[in-house]
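Below is one structure, written out as structure tokens; comments come after it.
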Amino acid sequence: MRILGIDPAIRKTGYGVLEGERIDSMRALDYGTFELSSRESQSSCLLAIKNFITSLIQRWKPDEAAIERIIYVQSHQTAIIMGSARAMGILAAAEANVKIAEYSPRTVKQAVSGRGAARKEQVAFMVRALLHLRETPAPDAADALAIAMTHLMSADPLKRAVIGDRKYI
């Protein structure tokens with residue numbers, strides 16, 4: 001199974017592509033952060049995010065995609081902007097007929113580090129260790145890989161019981 005993980009944001013969208021059938025066989029094929037200038041308009045950023053994710057789907061041909069669910073934010077404006085960036089990932093996957101699942105940040109942290117309140121550094125460390133990477137990925141890339149790992153773990157019968165909030169959209 002090939003999974004595209006997406007950590008959406010308007011200026012720094014993390015992505016990660018994993019391949020494997022089970023946790024013990026997963027490997028990272030590609031990961032990174034798609035960064036956009038603060039000088040670009042919001043609409044230009046949204047189009048760029050959609051086009052970038054479309055290009056990842058065309059290149060890697062994932063079987064499924066996983067994206068982070070919106071978290072509680074104090075600012076409505078921030079929630080709308082984050083939701084818009086997230087929508088671009090969902091739209092790109094839907095246009096390519098790639099099934100997409102969403103996971104809460106807490107579920108991702110729990111799946112990868114064993115602690116739902118883990119810090120970003122702990123998640124990145126565990127991503128590096130579990131995927132046998134030579135370097136620790138940048139925070140947004142590590143989060144995207146962790147989202148993809150959570151999805152792969154939810155498909156693994158040995159781990160399914162601990163990954164409780166998978167929701168396909």
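Hydrogens, waters and symmetry mates are skipped; everything else that's a heavy atom, side chains included, is used.
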Mind checking the [atom1]-[atom2] spacing from [X] to [Y]? Nearest 0.5 Å is all I need.
| X | Y | atom1 | atom2 | value |
| --- | --- | --- | --- | --- |
| Glu40 | Ile10 | CD | CD1 | 10.0 Å |
| Lys109 | Ile147 | NZ | CD1 | 11.0 Å |
| Ile100 | Ile3 | CD1 | CD1 | 12.0 Å |
| Arg11 | Ser37 | CZ | OG | 7.0 Å |
| Arg22 | Met153 | CZ | CE | 12.0 Å |
| Ser75 | Met82 | OG | CE | 11.5 Å |

Are [X] and [Y] side-chain neighbours, meaning at least one heavy-atom pair lies under 4.5 Å?
| X | Y | answer |
| --- | --- | --- |
| Met26 | Leu130 | yes |
| Arg27 | His132 | no |
| Leu133 | Tyr31 | yes |
| Ile6 | Leu56 | no |
| Leu145 | Leu18 | yes |
| Pro8 | Ile67 | yes |

Heavy-atom pair of closest approach, residues [X] and [Y]:
| X | Y | result |
| --- | --- | --- |
| Ala142 | Val127 | O-CG2, 3.6 Å |
| Leu152 | Gly20 | CD1-O, 3.3 Å |
| Thr107 | Thr150 | CG2-CG2, 4.2 Å |
| Glu35 | Lys12 | OE1-CE, 3.6 Å |
| Ala48 | Phe34 | O-CE2, 3.6 Å |
| Ala146 | Val108 | CB-CG1, 3.5 Å |

Show me the donor-acceptor pairs, under 3.5 Å and distance only, between side chains in residues 117-125 and residues at least two apart or in other chains.
from, atom 1, to, atom 2, distance (Å)
Arg119, NE, Glu121, OE1, 3.3
Lys120, NZ, Asp143, OD2, 2.2
Gln122, OE1, Arg115, NH1, 3.3
Gln122, OE1, Arg119, N, 2.6

Checklist entry - Would Leu29 and Trp60 count as a side chain to side chain contact (heavy atoms under 4.5 Å, CB included) if you check the C-alpha gap in whole Å, the side-chain angles of each, and the deciding distance to 0.1 Å? => result CA-CA 9 Å; Leu29 301 176; Trp60 292 107; 3.8 Å; yes
Next on the checklist: Please determine whether the number of non-hydrogen atoms from other residues, nucleotides or ligands lying under 6.0 Å from atom CZ of Arg106 exceeds 12.
Outcome noted: no
Next on the checklist: Determine whether a donor-acceptor pair (N or O, by modelled atom type, separation under 3.5 Å) exists between the side chain of Arg69 and the backbone of Pro105.
Outcome noted: no
Checklist entry - Does Arg2 have any salt bridge (charged side-chain N to carboxylate O under 4.0 Å, His left out) partners at least two apart in sequence or in another chain, and if so, which? => result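 Applying salt bridge (charged side-chain N to carboxylate O under 4.0 Å, His left out) to Arg2 gives Glu19.
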Item to check | Verdict with supporting geometry, Met88 and Ile53, side chain to side chain contact (heavy atoms under 4.5 Å, CB included) | outcome: CA-CA 8 Å; Met88 294 302 100; Ile53 293 173; 5.6 Å; no
Item to check | Sequence neighbours excluded, every pair satisfying side-chain hydrogen bond (donor to acceptor under 3.5 Å, both in side chains) that has a member inside residues 43-59 | outcome: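 For residues 43-59: Ser41-Ser43, Ser41-Ser44, Lys50-Glu95.
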Next on the checklist: Could you walk me through whether Val98 and Leu4 satisfy the side chain to side chain contact (heavy atoms under 4.5 Å, CB included) test, starting with their C-alpha distance in whole Å, then the side-chain angles of each, then the deciding distance to 0.1 Å, before giving a yes or no?
Outcome noted: CA-CA 10 Å; Val98 174; Leu4 169 62; over 6 Å; no
